[in-house]
Amino acid sequence: MFQHQFTVDSTVYEGFKEIFQDKNALHTNEEFAKKKGFAGKVMHGNILNGFISYFIGELLPTDEMMILSQSINFKNPVYLNDILEFEAIVIEQSEAVKVDLMKFKFVNSALKTVASGKIQIKELI
């Protein structure tokens, strides 16, 4: 099993908004988000996809991997300064074509799963 901790801090949040220009009110307006039933501004879900990319590109024992596909299911909101525990485990391997299938999840400090899914990766040979 692979594990890593990520924090959705203001640098991550502001950087995402600046690069992708996603200024949806749910993500940028505290009052709007609270009126919709959330505790505050909900962080962009695709920030978690960035963490997955970092995991595959930087944290695996080899840097010769590429993502073939990934799916993610968002289960609970992520808020600014949430600390997320990321866990991933290989559930299928194909030695012949050097492809692995992993399942993953992000869990917040309240021990709620905020997202889960699968990643299919291939070793570059």
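The figures that follow rest on heavy atoms only: side chains count, while hydrogens, waters and symmetry mates do not. Quantities reported herein were computed from a predicted structural model and do not represent experimental measurements.
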Determine the minimum heavy-atom distance between Ile56 and Met65, stating which atoms define it.
-> CG2-CB, 4.1 Å
Any side-chain heavy-atom pair from Phe104 and Ile72 closer than 4.5 angstrom?
-> yes
Rounded to the nearest 0.5 angstrom, the CD-OG1 distance for Glu123 and Thr62 is 5.5 Å
Side chain to side chain contact (heavy atoms under 4.5 Å, CB included) between Val90 and Leu101: does it pass, once the steps are laid out?
-> CA-CA 6 Å; Val90 175; Leu101 181 63; over 6 Å; no
Does Phe74 share a hydrophobic cluster with Phe20, counting links as ILVMFWY side-chain heavy atoms below 4.5 Å and allowing steps through other members?
-> yes
Report the C-alpha separation of Lys103 and Ser116 in whole Å, then their side-chain angles, then the decisive distance to 0.1 Å, and conclude whether the side chain to side chain contact (heavy atoms under 4.5 Å, CB included) test is met.
-> CA-CA 7 Å; Lys103 67 178 183 177; Ser116 64; over 6 Å; no
To the nearest 0.5 angstrom, please state how far the CD atom of Gln21 sits from the CZ atom of Phe16.
-> 11.0 Å
For residues Phe2 and Pro61, report the shortest heavy-atom separation together with the two atoms involved.
-> CE2-CD, 4.0 Å
Verify the cluster assignment for Leu59 and Ile67: are they in a single hydrophobic cluster under the rule of side-chain heavy atoms below 4.5 Å apart?
-> yes
Do the side chains of Val114 and Leu26 join up, straight or via other hydrophobic residues, at under 4.5 Å, putting them in one cluster?
-> no
For Lys98, enumerate each residue passing the salt bridge (charged side-chain N to carboxylate O under 4.0 Å, His left out) test, keeping only those at least two apart in sequence or located in another chain.
-> Glu95
Would you say Asn46's side chain and Asn49's backbone share a donor-acceptor pair under 3.5 angstrom?
-> no
Shared hydrophobic cluster for Phe55 and Met1 (ILVMFWY, side-chain gaps under 4.5 Å) | no
Do the non-hydrogen side-chain atoms of Leu111 and Glu85 ever get within less than 4.5 Å of each other?
-> no
Start with the C-alpha gap between Asp9 and Asn81, add the side-chain angles, then the distance that decides, and say whether side chain to side chain contact (heavy atoms under 4.5 Å, CB included) holds.
-> CA-CA 5 Å; Asp9 61 18; Asn81 296 316; 4.0 Å; yes
Might you confirm whether atom NZ of Lys17 has over 12 heavy atoms from other residues, nucleotides or ligands at distances under 6.0 Å?
-> yes
Which atoms form the tightest heavy-atom contact between Gly40 and Ala33, and what is the distance?
-> O-CB, 3.2 Å
Consider only side-chain N and O atoms of Asp100 and Gln120, and report whether a donor and an acceptor are under 3.5 Å apart.
-> no
Compare all side-chain heavy atoms of Tyr79 with those of Val8 and state whether any distance is below 4.5 angstrom.
-> no
Working to the nearest 0.5 Å, report the span between NZ of Lys75 and CG of Asn108.
-> 13.0 Å
If you round to the nearest 0.5 Å, how far is OG1 of Thr7 from CG of Leu84?
-> 7.5 Å
Of all heavy-atom pairs linking Lys41 and His27, the shortest is CD-O, 3.6 Å
Mind telling me whether Phe51 and Phe106 have parallel, tilted or perpendicular rings, with 30° and 60° as the class edges?
-> tilted
Shared hydrophobic cluster, Ile47 / Ile119 (ILVMFWY, side-chain heavy atoms < 4.5 Å) | yes
Leu68 vs Ile121 side-chain heavy atoms within contact, under 4.5 Å | no
Would you find more than 12 non-hydrogen atoms of other residues, nucleotides or ligands less than 6.0 Å from Lys122 atom NZ?
-> yes
Give the minimum heavy-atom separation between Ser94 and Val97, together with the two atoms involved.
-> OG-CG2, 3.2 Å
Qualifying residues under salt bridge (charged side-chain N to carboxylate O under 4.0 Å, His left out), relative to Glu18, sequence neighbours excluded | none
Assert yes or no for the condition that the ring centre distance of His4 to Phe86 is strictly below 6.0 Å.
-> no
Which value, rounded to the nearest 0.5 Å, describes the distance between Tyr13 atom OH and Met43 atom CE?
-> 5.0 Å
In this structure, CD1 of Ile52 is separated from CE of Met102 (nearest 0.5 Å) by 10.5 Å
Report yes if some heavy atom in the side chain of Lys112 is under 4.5 Å from a heavy atom in the side chain of Val107; otherwise report no.
-> no
What is the minimum heavy-atom distance between Met66 and Leu124, and which atoms define it?
-> SD-CD2, 3.3 Å
Kindly indicate, with the supporting measurements, whether the criterion side chain to side chain contact (heavy atoms under 4.5 Å, CB included) is fulfilled by Val42 and Val78.
-> CA-CA 6 Å; Val42 176; Val78 174; 5.9 Å; no
